[in-house]
Amino acid sequence: MSSTEPATEAMKPVRIETAEELDALVDEHDRVLLDIYTKGCTLCQSIEPVLGNVAKATDVVVAMINPQTDMSVAERYTIRSVPTLLLFEDGELVDRLADGFQGAQAVVDFVENDER
């Protein structure tokens, strides 16, 4: 797992607000894990610290977006529930996890799944 980014950048989830910011982030990095959350969602709040641990344990860039700031994100990725995690590799959406709260190991396993 080599990465050209500084370790400090990869350790904290990046907050984005628009589909354009998401597109730029996905274009800029080999692997991006996107957390789609809403304010007031207790499961979403619970998963946020987990995402910080996932960023530290993997080479994935972790980002968070509230689709209420740009509804086109929810439409583009057919978001039906939150939290939803989307995994992008080489600019393409390769997997999603929409099973409610997940612990750090479950999310790391999701990110590092070699069977895709």
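Counting begins at 1 with the first residue of the sequence. Predicted, not measured: the structure shown is a model, and the values here were computed from it.
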Run the numbers on Met64 and Leu51 for side chain to side chain contact (heavy atoms under 4.5 Å, CB included), then give the verdict.
CA-CA 9 Å; Met64 302 174 69; Leu51 298 175; 4.3 Å; yes
For the residue pair Glu112 and Ala57, what are the closest heavy atoms and their distance?
OE2-O, 4.1 Å
d(Gln45 CD, Leu43 CG) to nearest 0.5 Å is 9.5 Å
Output for pair (Ile36 CD1, Cys41 SG), nearest 0.5 Å, gives 12.0 Å
Measure the CE-CD distance between Met71 and Gln68 for me, rounded to the nearest 0.5 Å.
7.0 Å
For Glu20, all residues meeting salt bridge (charged side-chain N to carboxylate O under 4.0 Å, His left out), sequence neighbours excluded
none
Which atom pair, heavy atoms only, marks the closest approach of Ala74 to Pro67?
CB-CB, 3.9 Å
Using a 4.5 Å cut-off on heavy atoms from C-beta on, say whether the side chain of Leu87 contacts that of Val60.
yes
Quick check for you: to the nearest 0.5 Å, what is the distance between Leu97 atom CG and Asn113 atom CG?
11.0 Å
Rounded to the nearest 0.5 Å, how far apart are CZ of Arg96 and CG of Leu86?
5.5 Å
Which pair of heavy atoms, one from Leu25 and one from Ala63, lies closest together, and at what distance?
CD2-CB, 3.4 Å
Could you tell me which residues satisfy salt bridge (charged side-chain N to carboxylate O under 4.0 Å, His left out) with Arg76, sequence neighbours excluded, listed by chain and number?
Asp23
Any Val111 side-chain heavy atom under 4.5 Å of Val54 side chain:
yes
Over all atoms of both residues, closest heavy-atom pair of Val107 and Val50:
CG2-CG1, 4.2 Å
Minimum heavy-atom separation for Phe110 to Leu33, with atom names?
CE2-CD1, 3.8 Å
Does Glu48 pair with Arg15 as a salt bridge, N-O distance under 4.0 Å?
yes
Closest contact, heavy atoms only, Val73 versus Thr18
CG2-C, 4.5 Å
For the side chain to side chain contact (heavy atoms under 4.5 Å, CB included) test, which of Leu34, Val94, Asp27, Asp30 pairs with Phe88?
Leu34
Any donor-acceptor pair under 3.5 Å linking the side chain of Glu92 with the backbone of Glu89?
no
Derivation of the side chain to side chain contact (heavy atoms under 4.5 Å, CB included) call for Glu21 and Ile65:
CA-CA 10 Å; Glu21 287 180 279; Ile65 190 168; over 6 Å; no
Euclidean distance, Gln102 CD relative to Leu85 CG, rounded to 0.5 Å:
7.5 Å
